[in-house]
Amino acid sequence: MANVVVIGAQWGDEGKGKITDLLSRSAHVVVRYQGGVNAGHTVVVKDQTFKLHLIPSGILYPETECVIGSGTVIDPKALITELDKLEALNVSTENLLISETAHVTMPYHRLIDQASEESRGSKKIGTTRRGIGPSYADKSERTGIRVIDLMDLRSLKEQLEWTINYKNVVLEKLYGLPPLDPQAVIEEYAQYAERLRSHIVDSSLHVYNAIQQRKNVLFEGAQGTLLDLDHGTYPYVTSSNPVAGGACIGTGVGPTMIDRVIGVAKSYTTRVGEGPFPTEVTDEAGKLLRDLGAEFGTTTGRERRCGWFDAVIGRYAVRINGLDCLAITKLDVLDQFDQINVCVAYELEGRRCLDLPGNARQFAQCKPIYKTLPGWKQSTENCQSLDDLPKPALDYLKFLAELMEVPIAIVSLGASRDQTIIVEDPIHGPKRALLHENGAPQVA
């Protein structure tokens with residue numbers, strides 16, 4: 001039995017969907033513990049591509065239970081659209097369970113998110129404008145609507161009549177937008193409630209019982225460590241906690257029930273939206289990374305900013321999450337490069353900096369200090385084992401493992417399930433999978 005958390009070790013978009021899908025083969029339950037429809041996971045199975053937003057990646061395994069935990073915010077309309085798309089592709093959604101205490105994204109959340117972001121002008125944060133931030137704001141303000149409220153029409157009507165009238169003042173007076181009709185919203189969400197009613201459960205109790213029955217539970221995070229509300233590059237962050245600790249809060253299980261934490265990182269770095277990005281490259285190398293890596297957001301379609309691998313934020317992710325091992329994705333994207341840069345430290349105010357500054361102004365001033373490694377200039381996409389990799393590619397992985405001071409357990413070489421090297425089973429195997437023989441690196 002193993003209960004494992006999968007997190008993003010960068011700014012999100014690391015390929016967690018594929019890794020979660022792979023690990024779901026050994027899981028009885030897969031739990032999504034935070035975020036909303038602003039997140040997106042892409043999973044490729046044979047010739048089919050599945051784009052998931054709220055539903056855990058394990059849904060593609062018919063026997064696996066998939067739970068949307070209480071730490072998420074759920075847009076019912078978007079969720080039902082996602083269910084319909086999966087069912088049209090002959091994917092069963094009978095095993096999807098939804099926490100009764102998860103909060104609900106309402107129409108006024110989306111409108112306020114869009115208007116607020118637009119009003120910021122050059123100081124915009126770069127949100128997806130899907131209403132996630134305002135949903136979490138209402139949750140913290142204790143004025144939110146929860147899934148359990150949708151199930152009781154009388155309670156829903158009582159809460160929404162006051163809330164929508166209050167939000168209409170904000171929409172009209174602050175943003176100059178037309179008001180919402182409370183009755184129309186109530187009727188719309190009552191219909192959503194009936195469609196989702198059979199999926200609603202006490203998810204904390206359900207996951208606890210699964211753990212007590214010694215089932216394998218996989219906890220799936222959205223976004224990435226550097227987008228964490230408390231530990232990310234604030235204010236350019238999401239509104240929840242994608243870090244490993246968020247799995248306990250967003251699911252309702254104790255930390256002693258977690259056995260392992262797996263971090264997912266690209267072999268380079270990407271970021272969507274605004275905010276500092278020390279290793280970003282905007283020349284031909286950056287364009288090549290974006291084109292070869294198909295770096296466009298699953299949810300928004302926005303171009304991702306691309307740059308070289310950043311070991312400073314990598315080591316930070318190891319520390320913040322307590323990572324046991326890593327999955328490195330998109331190694332094949334580097335196949336065409338003559339040379340590959342890796343950021344081993346920053347230069348900040350004339351000094352060498354090995355740790356991530358907490359001050360946003362200082363972080364924006366950080367300059368990458370690179371070590372340049374040779375490329376391998378040959379395809380890796382059909383490699384089935386470490387022995388199949390070109391020596392420079394294997395050396396590159398070992399160098400990353402040294403810098404991060406954590407073993408690499410999985411290497412992904414493409415979008416498909418079979419384009420993956422499993423070095424060691426990260427759920428059941430030993431905790432030291434692939435580490436340079438000389439141990440920890442000397443990067444100071």
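Residue numbers run from 1 in the order of the sequence given.
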Trainee: Counting distance only, does the side-chain N/O of Tyr234 pair as donor-acceptor with the main-chain N or O of Asn359 below 3.5 Å?
Mentor: no
Trainee: Relative to each other, are the rings of Tyr189 and Tyr192 parallel, tilted or perpendicular (30° and 60° limits)?
Mentor: perpendicular
Trainee: How close do Leu54 and Val37 get, heavy atom to heavy atom, and via which atoms?
Mentor: CD2-N, 3.9 Å
Trainee: Could you state the interatomic distance from CG (Leu331) to CD1 (Ile421), rounded to the nearest 0.5 Å?
Mentor: 8.0 Å
Trainee: Is any side-chain heavy atom of Leu96 closer than 4.5 Å to a side-chain heavy atom of Pro56?
Mentor: yes
Trainee: Is a salt bridge present between Glu405 and Arg315, judged by a nitrogen-to-oxygen distance below 4.0 Å?
Mentor: no
Trainee: If you apply the rule salt bridge (Lys or Arg N to Asp or Glu O under 4.0 Å), what do you find for Arg290 with Glu303, and how did you get there?
Mentor: CA-CA 8 Å; Arg290 185 173 61 249; Glu303 287 188 359; 3.6 Å; yes
Trainee: Can you check side-chain contact (heavy atoms from CB on, under 4.5 Å) on Arg305 and Val272, steps first, answer last?
Mentor: CA-CA 6 Å; Arg305 300 156 63 191; Val272 171; over 6 Å; no
Trainee: Run the numbers on Ser240 and Tyr136 for side-chain contact (heavy atoms from CB on, under 4.5 Å), then give the verdict.
Mentor: CA-CA 8 Å; Ser240 58; Tyr136 278 111; 3.5 Å; yes
Trainee: Quick check for you: to the nearest 0.5 Å, what is the distance between Phe309 atom CZ and Thr279 atom OG1?
Mentor: 9.5 Å
Trainee: Does any N or O in the side chain of Thr233 come within less than 3.5 Å of the main-chain N or O of Leu226, such that one atom is a donor and the other an acceptor?
Mentor: yes
Trainee: Let's go through Asp149 and Lys157 carefully: what are the C-alpha distance in whole Å and the side-chain angles of both, what is the deciding distance for salt bridge (Lys or Arg N to Asp or Glu O under 4.0 Å) to 0.1 Å, and is it a yes or a no?
Mentor: CA-CA 9 Å; Asp149 298 321; Lys157 184 176 181 180; over 6 Å; no
Trainee: Evaluate the side-chain contact (heavy atoms from CB on, under 4.5 Å) criterion for residues Leu386 and Leu394: first the C-alpha distance (whole Å), next the side-chain angles of each, then the deciding distance (0.1 Å), finally the verdict.
Mentor: CA-CA 7 Å; Leu386 293 180; Leu394 184 59; 4.1 Å; yes
Trainee: Within the side chain of Ser119, is there an N or O that forms a donor-acceptor pair under 3.5 Å with the backbone of Ser116?
Mentor: yes
Trainee: Would you mind checking if Lys85 and Glu82 are paired as a salt bridge, meaning a charged N to carboxylate O distance below 4.0 Å?
Mentor: no
Trainee: Is the distance between the ring centroids of Phe399 and Tyr396 under 6.0 Å?
Mentor: no
Trainee: I need the minimum non-hydrogen distance between Leu196 and Ile98, along with the two atoms involved.
Mentor: CD2-CD1, 4.2 Å
Trainee: Examine distances only and state if a side-chain atom of Asn95 and a backbone atom of Cys66 form a donor-acceptor pair shorter than 3.5 Å.
Mentor: no
Trainee: Going by atom types alone, do Thr225 and Gln10 pair a side-chain donor with an acceptor below 3.5 Å?
Mentor: no
Trainee: Within the 4.5 Å heavy-atom criterion, are Gln34 and Asn241 side-chain neighbours or not?
Mentor: no
Trainee: With rounding to the nearest 0.5 Å, note down the distance linking CD1 in Ile313 to SG in Cys366.
Mentor: 11.5 Å
Trainee: Closer than 3.5 angstrom, by distance alone: can the side chain of Asp113 be matched with the main-chain N or O of Gly131 as a donor-acceptor pair?
Mentor: yes
Trainee: Closest heavy-atom contact between Thr101 and Ser70?
Mentor: OG1-CB, 3.2 Å
Trainee: Of the non-hydrogen atoms in Leu52 and Ser57, which two are nearest, and what is the gap between them?
Mentor: CD1-CA, 3.6 Å
Trainee: Would Asp310 and Tyr346 count as having a side-chain donor-acceptor pair, cut-off 3.5 Å?
Mentor: yes
Trainee: Heavy-atom distance under 4.5 Å between the side chains of Val4 and Ile258, does that happen here?
Mentor: no
Trainee: State, yes or no, whether a side-chain contact exists between Asp324 and Val406 at a heavy-atom distance under 4.5 Å.
Mentor: no
Trainee: State which residue, out of His53, Arg110, His109, Arg130, fulfils the side chain to side chain donor-acceptor pair (under 3.5 Å) condition with Asp75.
Mentor: Arg110
Trainee: Does some side-chain heavy atom of Ile410 sit less than 4.5 Å from a side-chain heavy atom of Ile262?
Mentor: no
Trainee: Kindly indicate whether the side chain of Val29, heavy atoms from C-beta on, has any atom under 4.5 Å from the side chain of Val67.
Mentor: yes
Trainee: Counting heavy atoms not belonging to Gln212, are there more than 12 under 6.0 Å from its CD?
Mentor: yes
Trainee: Could you check Asp21 against Arg417 for side-chain contact (heavy atoms from CB on, under 4.5 Å), going step by step and ending with a plain yes or no?
Mentor: CA-CA 8 Å; Asp21 172 68; Arg417 284 175 176 171; 2.6 Å; yes
Trainee: Return the minimal non-hydrogen interatomic distance between Ile7 and Pro242, and the atom names on each side.
Mentor: CG2-O, 3.7 Å
Trainee: Indicate yes or no for a side-chain donor-acceptor contact from Arg319 to the backbone of Leu323 under 3.5 Å, with no hydrogens or angles considered.
Mentor: no
Trainee: About how many Å separate CD1 of Ile408 and CD of Glu402, when rounded to the nearest 0.5 Å?
Mentor: 10.0 Å
Trainee: Using atom types as modelled and distance alone, determine if a side-chain donor or acceptor of Thr269 lies under 3.5 Å from a backbone N or O of Trp308.
Mentor: yes
Trainee: Hey, are the side chains of Leu356 and Phe363 touching, using non-hydrogen atoms and a 4.5 Å cut-off?
Mentor: yes
Trainee: Taking the six-membered ring for Trp and the single ring otherwise, decide whether the centroids of Trp11 and Phe277 are under 6.0 Å apart.
Mentor: yes
Trainee: Ignoring hydrogens and geometry, is there a side-chain-to-backbone donor-acceptor pair from Thr72 to Ile74 under 3.5 Å?
Mentor: no
Trainee: Starting at CG of Asp13, measure out to OG1 of Thr270 and round the result to the nearest 0.5 Å.
Mentor: 5.0 Å
Trainee: Could you measure the distance from the CD1 atom of Ile200 to the OG atom of Ser99? Nearest 0.5 Å is fine.
Mentor: 8.5 Å
Trainee: Go through the steps for Glu14 and Arg271 under the test salt bridge (Lys or Arg N to Asp or Glu O under 4.0 Å), then give the verdict.
Mentor: CA-CA 10 Å; Glu14 301 95 345; Arg271 179 169 196 171; over 6 Å; no
Trainee: Identify the two heavy atoms, one from Ser239 and one from Leu229, that lie closest to each other, and give their separation to 0.1 Å.
Mentor: O-CD2, 3.7 Å
Trainee: Charged N to carboxylate O below 4.0 Å: is that the case for Glu295 and Lys330?
Mentor: yes
Trainee: Is Glu87 salt-bridged to Arg195, cutoff N-O under 4.0 Å?
Mentor: yes
Trainee: Looking at Asn216, is its backbone amide N or carbonyl O close enough to the side chain of His28 to form a donor-acceptor pair, meaning the two atoms are under 3.5 Å apart?
Mentor: yes
Trainee: Just checking, is any N or O donor in the side chain of Ser412 or Thr420 under 3.5 Å from an acceptor N or O on the other one?
Mentor: no
Trainee: Is Asn321 reaching over with its side chain to a backbone N or O of Val243, donor-acceptor style, under 3.5 angstrom?
Mentor: no
Trainee: Do Tyr61 and Arg25 have side chains that get closer than 4.5 Å, going by heavy atoms?
Mentor: yes
Trainee: With Val91 as reference, evaluate Leu83, Ile55, Leu86 under the side chain to side chain contact (heavy atoms under 4.5 Å, CB included) test and give the passing residue.
Mentor: Leu86
